[in-house]
Amino acid sequence: MDELPSYAETLNERQREAVLHGKAPLLILAGAGSGKTRVVTTRITYLIDRLSFTPDQILAVTFTNKAAREMQERVDRFLEERGRDAGSAVMIKTFHSFCSWFLRRNAAAAGLSPYFGIYDDDDALALIKTVVPGHLPAGEVRTLQNAISRAKDDNLTPDDDLGGISAHPEFPEVFRRYEEKLAASGNVDFGGLIQKTLMVLHREPAITSRLRQKFQVVLVDEYQDCNGAQSLLLEALYGPQTWLAVVGDDDQSIYRFRGADVSHILNFPQKFPGTVIVRLEQNYRSTGAILEVASQVVARNQGRLGKTLWTANPVGRKPRLVFHNDQDDEAAWAVDLIKRAPLTETAILYRTNAQSRAFESALVRAKLPYRLVGTVRFYEREEIKDVLAWLRLLTNSRDEVSFQRIVNKPARGLGKSALSIVERHRTSDWLDACGLALGELKGKAKAGLGQFLDLYAQLNGALMNCRNLSVLVQQVIEDSGLGEHHRQNEDLGEAKEQNLDELVNAAAPYPGTIEGLTQFLENVELDAAGTLDEQPGVTTLITMHNTKGLEFDRVLVTGLEDGLFPRDTFDPQEIEEERRLFYVAVTRARQELLFSTCRSRLQHGKYQDRAPSRFLAEIDPDSLEVVGAGGRGTEIWAVGQRVFHDDFGVGTVVKKWYNGSELGLDVRFDSGRMGRFMPAYTPLEKVAADE
DNA sequence: CTTTCACCGGTTTTT
DNA sequence: CCGGTGAAAG
Ligand SMILES: Nc1ncnc2c1ncn2[C@@H]1O[C@H](COP(=O)(O)OP(=O)(O)OP(=O)(O)O)[C@@H](O)[C@H]1O
């Protein structure tokens, strides 16, 4: 072999081993910040640069579209530096967008049109509502929707044994009817993208072998959050010539609620015999003090693989823990920190999107720039979804959800009875059904439906001969009346108008053809959040889940309160998942880490008293710098904490409860005796677990 | 058929 | 507090 390429010189020995590794299945198992993603990127470059692979033979799977774009950029840059181009011929996608690509190319085999649309969770919910019996409460409908998604994540169909998914008596029937309606709509939901791809690969050996022939190299990042269907997909992609590598960290598996299962990474060596495991143990991201706290907490989880993780970085300042009265104080504190060092790259992390509000308004008041990642995602706003529904109907007139959404929006006199007549005439195509129903309607409804049909014809004509997609989008907004409708909204009208303008701009890069429209819609459907660039001096507001794979100089982990983070739950598995989320959040920080917790928090319109998160009790107090403690409700108690009482001796906290704002503890003493205490008044002493 | 208003319940987390 | 839902008025 020639001398090492320069990009390999900056790697440590283990990383280099992973990059230069040959054909045998490769499992890279490593803790946070150890350079896993960097190894994937470098390996792609190496395979192209030094071995004879061409970019289009390589498939890399990332967890988010943003991660895919970033990896694409890095690979392009690497290859450019080495005087090669065509880096962008490497296929770097999420599982979902890869499957979408595949299904459009093999539409016939999948029983789809190449212009199929993708239903997001809201769309799926709308469809489920049309198939659930009678008036189930909204909560139950959601539960059923969730069960359907979980079933599809495990590649199950209504014919399979669904007992492991949901015990709801209506579930199998609702699932079946949902799948029928979905098939009739000609569209695909998220789970269906994976499932239909699997179906084609299992049924059509010729297609499978062509696909394996094409992608001789397959790499998967964040494999610990892989679900059952995705794991099967990986097996289907794996042929005798495939160079396969997966990368992940069992301590960072945080998407169980979405069907992810850490067992897929743990069982990888069994599934792919001959697997070579490479462990990366050096963390390049964080200070020693940050890593220490992360390790202490995650160490409480049972059944983890356990990994060594060390860093040559300085120990740095101890992470700080700051107590606040409520979420507004917490936000004011965050703003103050940012003002003191406005150029330090800072991220404010929280468990639930609702928590972003207080931070947003404090930042606005302080006139500090910020970007909000996630939350009311751009493409999920009402006005945007309305216009997208029109566009989707233009690519697929069988799309029930989109049809129902816009047929009478803005109102054109089509109510329940008129629409049930349309429904009676439904073939597969909703416009045909409208045409047939027209004869049976009269008056306002007839006029309204006629108007709708004319509009469709007009916009469909526009699609046939418009140069640029933004022209079509503009025309849909104006001609459909949706633009006017949303502009008239009392206080949000202006914002909605701006959003619609932005949608027009977003369509500009696409050609005004059905292919261009399909591509635009797919990008929107699979990456609903839109892109927000990071910029120096702009604070990031983000959920902990969304920070997967990211890093920031300064990280604020907020809302560390029992019941919020971790959420209260009876399921020990879920507590462990929350603890992994804590680990992910903490290990995003390069230099500075701050925790904050509130004694009281506004929730559902009421202030509720809160106690510090049990995770804080799992950190060695010596590893933290505590600010503002000492007041009432600032002592950190966790269920399981060992305590000593003057009269009763040693025992264990078995329950936390509240009497108004006062914290109470139930303790089971080793003598067998139980006791109830208010730690504010009773001298209970914490003792170490082994005393 | 459309609009308004009173009432209820409570979403973790997202491709 | 806020958004979704359903009944009743217009
Ligand atoms: N050999 C190295 N020398 C210097 N810096 C490195 C090296 N390897 C990785 N890094 C840096 O360490 C940081 C973490 O790398 P990377 O994001 O690839 O880690 P990761 O294992 O994917 O992290 P996580 O699982 O926490 O998302 C990055 O800033 C990366 O540039």
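Order of the sequence lines sets the chain letters (A, B, ...), proteins ahead of strands, with each chain counted from 1.
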Asker: By ring pair (Phe, Tyr, Trp, His ring centres under 6.0 Å), which residues pair with A/Y510, not counting sequence neighbours?
Answerer: A/F520
Asker: Provide, to the nearest angstrom, the distance between the CD atom belonging to A/Q145 and the P atom belonging to B/dT15.
Answerer: 15 Å
Asker: Find the distance A/Q355:CD to B/dG10:P and express it as a whole number of Å.
Answerer: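 One finds 19 Å between P of B/dG10 and CD of A/Q355, rounded.
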Asker: Enumerate the salt bridge (charged side-chain N to carboxylate O under 4.0 Å, His left out) contacts for residues 144-155 of chain A, please, sequence neighbours excluded, ordered by first and then second residue.
Answerer: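 Listed once each, the pairs are A/R150-A/D153, A/K152-A/E179, A/K152-A/D189.
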Asker: With a 4.0 Å cut-off on heavy atoms, is A/E382 in touch with a base, just the backbone sugar-phosphate, or nothing at all?
Answerer: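 Nothing, no heavy atom under 4.0 Å.
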Asker: Test the A/R104-A/F116 pair against the cation-pi criterion, namely NZ or CZ under 6.0 angstrom from the six-membered ring centroid and within 45° of the ring axis.
Answerer: yes
Asker: Would you be so kind as to tabulate the donor-acceptor pairs closer than 3.5 Å made by side chains of residues 192-199 of chain A, with sequence neighbours excluded?
Answerer:
residue: A/Q195; atom: NE2; partner: A/N155; partner atom: OD1; Å: 3.4
residue: A/Q195; atom: NE2; partner: A/L156; partner atom: O; Å: 2.8
residue: A/T197; atom: OG1; partner: A/L193; partner atom: O; Å: 2.7

Asker: Determine the interatomic distance between C1' on C/dC2 and the same-named atom on B/dT11; round to the nearest Å.
Answerer: 12 Å
Asker: Tell me the interatomic distance from A/R567, atom CZ, to B/dG10, atom C1', rounded to whole angstroms.
Answerer: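 Result: 9 Å.
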Asker: Give a yes or no on whether a salt bridge exists between A/E561 and A/R599, defined as a side-chain N under 4.0 angstrom from a carboxylate O.
Answerer: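 No, this pair does not count.
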Asker: Taking only residues two or more places apart in sequence or in another chain, which ones pass ring pair (Phe, Tyr, Trp, His ring centres under 6.0 Å) with A/F190?
Answerer: A/H96
Asker: Regarding A/F565, tell me which of base, sugar-phosphate or nothing describes its non-hydrogen contacts under 4.0 Å with the strands shown.
Answerer: nothing
Asker: Measure the distance from CG on A/D121 to P on B/dT12 and round it to the nearest whole Å.
Answerer: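 Nearest whole value for this atom pair: 12 Å.
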Asker: Atom CD1 of A/I128 and atom C1' of C/dG4: how far apart are they, to the nearest Å?
Answerer: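 To the nearest whole Å, that distance equals 17 Å.
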Asker: Ring-on-base stacking between A/F257 and B/dT13, under 5.5 Å between centres and under 30° between planes: is it there?
Answerer: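 Yes.
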Asker: From the options B/dT11, B/dT13, B/dT15, select the nucleotide whose nearest atom is closest to the side chain of A/N65.
Answerer: B/dT15
Asker: In whole Å, what is the span from the CZ atom of A/R357 to the P atom of C/dG3?
Answerer: 7 Å
Asker: Please report, rounded to the nearest Å, how far the P atom of B/dT15 is from the OH atom of A/Y255.
Answerer: 6 Å
Asker: Look at the rings of A/Y223 and A/F268 and say which category their plane angle falls in: under 30° parallel, 30 to 60° tilted, over 60° perpendicular.
Answerer: perpendicular
Asker: Among B/dT12, B/dT15, B/dC1, which nucleotide sits nearest the side chain of A/A418?
Answerer: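 Of all the options, the side chain of A/A418 is nearest to B/dC1.
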Asker: Please determine if A/R105 forms a cation-pi arrangement with A/F102, meaning its NZ or CZ atom is less than 6.0 Å from the six-membered ring centre and no more than 45° off the ring axis.
Answerer: no
Asker: Would you say A/N546 places a side-chain N or O within less than 4.0 Å of OP1 or OP2 belonging to B/dT13?
Answerer: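 Looking at the OP1 and OP2 atoms of B/dT13, neither is under 4.0 Å from any side-chain N or O of A/N546.
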Asker: Nearest whole Å is fine: how far is B/dT15 P from A/K93 NZ?
Answerer: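 Atom NZ in A/K93 sits about 16 Å away from atom P in B/dT15.
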Asker: Could you check which of B/dT13, B/dT15, B/dG10 has an atom nearest any side-chain atom of A/H604?
Answerer: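 Selected nucleotide (nearest to the side chain): B/dG10.
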Asker: So does A/R142 get a side-chain nitrogen or oxygen closer than 4.0 Å to the phosphate oxygens (OP1/OP2) of B/dG10?
Answerer: no
Asker: What pairs meet the salt bridge (charged side-chain N to carboxylate O under 4.0 Å, His left out) rule with one or both residues in residues 126-148 of chain A, with sequence neighbours excluded?
Answerer: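 Sorted result for residues 126-148 of chain A: empty, none.
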Asker: Does A/Y370 have any ring pair (Phe, Tyr, Trp, His ring centres under 6.0 Å) partners at least two apart in sequence or in another chain, and if so, which?
Answerer: none
Asker: NA contact type, A/R256, heavy-atom cut-off 4.0 Å: base, sugar-phosphate, or nothing?
Answerer: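 Counting heavy atoms under 4.0 Å across all strands, no contact is made by A/R256.
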Asker: Could you tell me how far B/dT13 sits from C/dG4 if I compare only their P atoms? Round to whole Å.
Answerer: 15 Å
Asker: Assign each of A/E578 and A/H96 to its nearest nucleotide of DNA chain B by heavy atoms, then name whichever residue's nucleotide is nearer the 5' end.
Answerer: A/E578
Asker: Looking only at side-chain N and O atoms, does A/T543 come under 4.0 Å of OP1 or OP2 in B/dT14?
Answerer: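 Yes.
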Asker: Nearest heavy atom decides the nucleotide; on that basis, is A/E577 or A/L419 closer to the 5' end of DNA chain B?
Answerer: A/L419
Asker: Sort me out a list of protein N/O and nucleotides 2-6 of chain B N/O pairs below 3.5 Å, or just none if empty.
Answerer:
residue: B/dT2; atom: OP1; partner: A/G413; partner atom: N; Å: 2.7
residue: B/dT2; atom: OP2; partner: A/N408; partner atom: ND2; Å: 3.4

Asker: When all nucleic acid strands are considered with a 4.0 Å heavy-atom cut-off, which category describes A/E222: base, sugar-phosphate, or nothing?
Answerer: nothing
Asker: Starting at the 5' end of nucleotides 5-10 of chain C, put B wherever the base has a protein heavy atom under 4.0 Å, S where only the sugar-phosphate does, and a dash everywhere else.
Answerer: S-----
Asker: Quick one: is A/S417 getting a side-chain N or O under 4.0 Å of the B/dC1 phosphate, OP1 or OP2?
Answerer: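 Yes, because at least one side-chain N or O of A/S417 sits under 4.0 Å from OP1 or OP2 of B/dC1.
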Asker: Would you say a side-chain N or O of A/N146 is under 4.0 Å from OP1 or OP2 of B/dT11?
Answerer: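 For A/N146, the contact criterion (side-chain N or O under 4.0 Å from OP1 or OP2 of B/dT11) is not met.
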Asker: Checking A/Y583 now: which residues fulfil ring pair (Phe, Tyr, Trp, His ring centres under 6.0 Å) with it, not counting sequence neighbours?
Answerer: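 Applying ring pair (Phe, Tyr, Trp, His ring centres under 6.0 Å) to A/Y583 gives none.
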